[in-house]
Amino acid sequence: MRLVVNADDFGLCNGINEGVIRAFEQGLVRSASLMALGSAFPEAARYLKEHPGLDAGLHLTLTDEKPLTDARALFPGAWDSDRLPGMAKLFALLASSRADIAALEREIAAQMDKIRSAGISISHVDGHQHVHLFLRVFPLCLSLCRAHGISYLRTRITDRPNLRAGAGRLLQYAGLRLFLRAAVAPRTPPDLPALPCTGFLLSGGKMTVRDALDNLDALGTPPAAELILHPGLPGPAEEREYGHWNYAWENDLALACSQELARGLGERGIRPSGFRDLA
């Protein structure tokens, strides 16, 4: 089996960039999902261009940050800020059909164009806080993949249940799994590979080596899978900005660089890979 160890949030801020780069240079990360709206996007894009061995994907961002287009135009008459809404508010706006779908499509295209204009080839698409799976957003992401010949869209999330995730996260996971089966899987074209993807329940630095290996063992023997990590080394200012996420970015960095995890993968015949290597 090939395993894409993917680092989300590349470009969010300098500390996240530092962690992703270290996880690639010293660890198992072979792919990173890039935030076009991140404050450290230029540095992340420059690194990706200079290091083609690190795969790049679009980490679609529709929450909290300042968009490339007009935030008010995305939700006409329902939003009055130059920044994007939080996840709960975004979900409510989409569910109540108060989003301008054409404007959303322009914003998504603008994020893709910003990355491509930096000279970076995109191998996959996923979403910050999984916004790419929201019903009115998912069809736009499918069209984006079609338009740019992208073969991998994160649509199949599967973890081994773990009580350390907490009751709230377990409920989120149960709801997500039902939603994926009922609403996403039927709309996913058969020629768009649905890699099993693990790392949702214990995201943000809660996953141990044992957890990661147990999750992978539970997948069986698919040809390929994805492991989501959020490596980083944020400083005090970045902790103030994003500390409410309660992420332990340093733990995911340590996991990505763990020799114990590398040995466990080797013993199982699992090879680290990028999305491009799967073609």
Side-chain angles (χ1 to χ4, degrees), residues 1-34 40 43-44 47-48 50-57 59 123-124 126 152 154 157-165 169 195-235 238-239 245-278:
M1 182 173 79
R2 291 189 174 187
L3 178 67
V4 179
V5 182
N6 189 79
D8 280 4
D9 298 342
F10 200 27
L12 175 67
C13 57
N14 290 328
I16 301 305
N17 283 2
E18 184 180 350
V20 172
I21 290 168
R22 188 176 299 186
F24 168 61
E25 294 183 349
Q26 301 177 20
L28 297 165
V29 164
R30 298 292 181 271
S31 174
S33 296
L34 184 59
E43 294 79 11
Y47 185 86
L48 284 165
E50 294 171 354
H51 296 81
L54 179 61
D55 261 7
H59 199 49
S123 64
H124 63 283
D126 51 51
Y152 297 97
R154 188 182 289 164
I157 298 171
T158 177
D159 282 354
R160 185 172 179 268
N162 192 311
L163 293 178
R164 286 193 297 104
R169 191 66 169 176
L195 292 189
C197 174
T198 190
F200 174 86
L201 270 177
L202 298 173
S203 67
K206 295 179 181 178
M207 189 184 303
T208 66
V209 171
R210 185 71 264 156
D211 296 326
L213 293 175
D214 284 348
N215 278 348
L216 293 170
D217 288 342
L219 294 179
T221 56
E226 179 187 3
L227 172 64
I228 308 171
L229 294 180
H230 297 81
L233 289 167
E238 296 159 334
E239 288 282 6
W245 294 357
N246 296 315
Y247 276 14
W249 291 277
E250 298 89 346
N251 290 352
D252 268 9
L253 174 57
L255 182 61
C257 297
S258 167
Q259 290 300 310
E260 182 185 356
L261 178 57
R263 284 194 300 272
L265 297 181
E267 290 166 358
R268 290 162 172 78
I270 299 174
R271 293 174 292 163
S273 175
F275 283 99
R276 284 192 299 251
D277 301 327
L278 305 181

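Side chains are part of it too, since the values below use all heavy atoms of this structure and drop only hydrogens, waters and symmetry mates. Residue numbers run from 1 in the order of the sequence given.
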Is a donor on one side and an acceptor on the other found under 3.5 Å between the side chain of [X] and the backbone of [Y]?
X: N162; Y: R164; result: yes
X: S123; Y: A56; result: yes
X: N215; Y: D159; result: no
X: N17; Y: N14; result: no
X: R169; Y: F200; result: yes
X: D252; Y: H230; result: yes
X: T198; Y: L227; result: no
X: E238; Y: G15; result: yes

Who passes salt bridge (Lys or Arg N to Asp or Glu O under 4.0 Å) against R210, sequence neighbours left out? D214

Given side chain to side chain contact (heavy atoms under 4.5 Å, CB included), test F10 with L48 step by step and report yes or no. CA-CA 10 Å; F10 200 27; L48 284 165; 3.7 Å; yes

Could you give all pairs that pass the salt bridge (charged side-chain N to carboxylate O under 4.0 Å, His left out) test and reach residues 1-14, with sequence neighbours left out? D8-R154

Starting from the C-alpha separation in whole Å, work towards a yes-or-no answer on side chain to side chain contact (heavy atoms under 4.5 Å, CB included) for D126 and I228. CA-CA 11 Å; D126 51 51; I228 308 171; over 6 Å; no

Would you compute the distance between atom CG of L3 and atom OG of S273 and round it to the nearest 0.5 angstrom? 8.5 Å

Where does the angle between the aromatic ring planes of Y47 and H51 fall among parallel (under 30°), tilted (30 to 60°) and perpendicular (over 60°)? parallel

According to side-chain hydrogen bond (donor to acceptor under 3.5 Å, both in side chains), does anything in residues 256-268 pair up with another residue at least two apart or in another chain? List the pairs. D217-R268

Test: R30 cationic atom under 6.0 Å from F275 six-membered ring centre, within 45° of axis: no

Please tell me whether D55 and H124 have a donor and an acceptor in their side chains that are separated by less than 3.5 angstrom. no

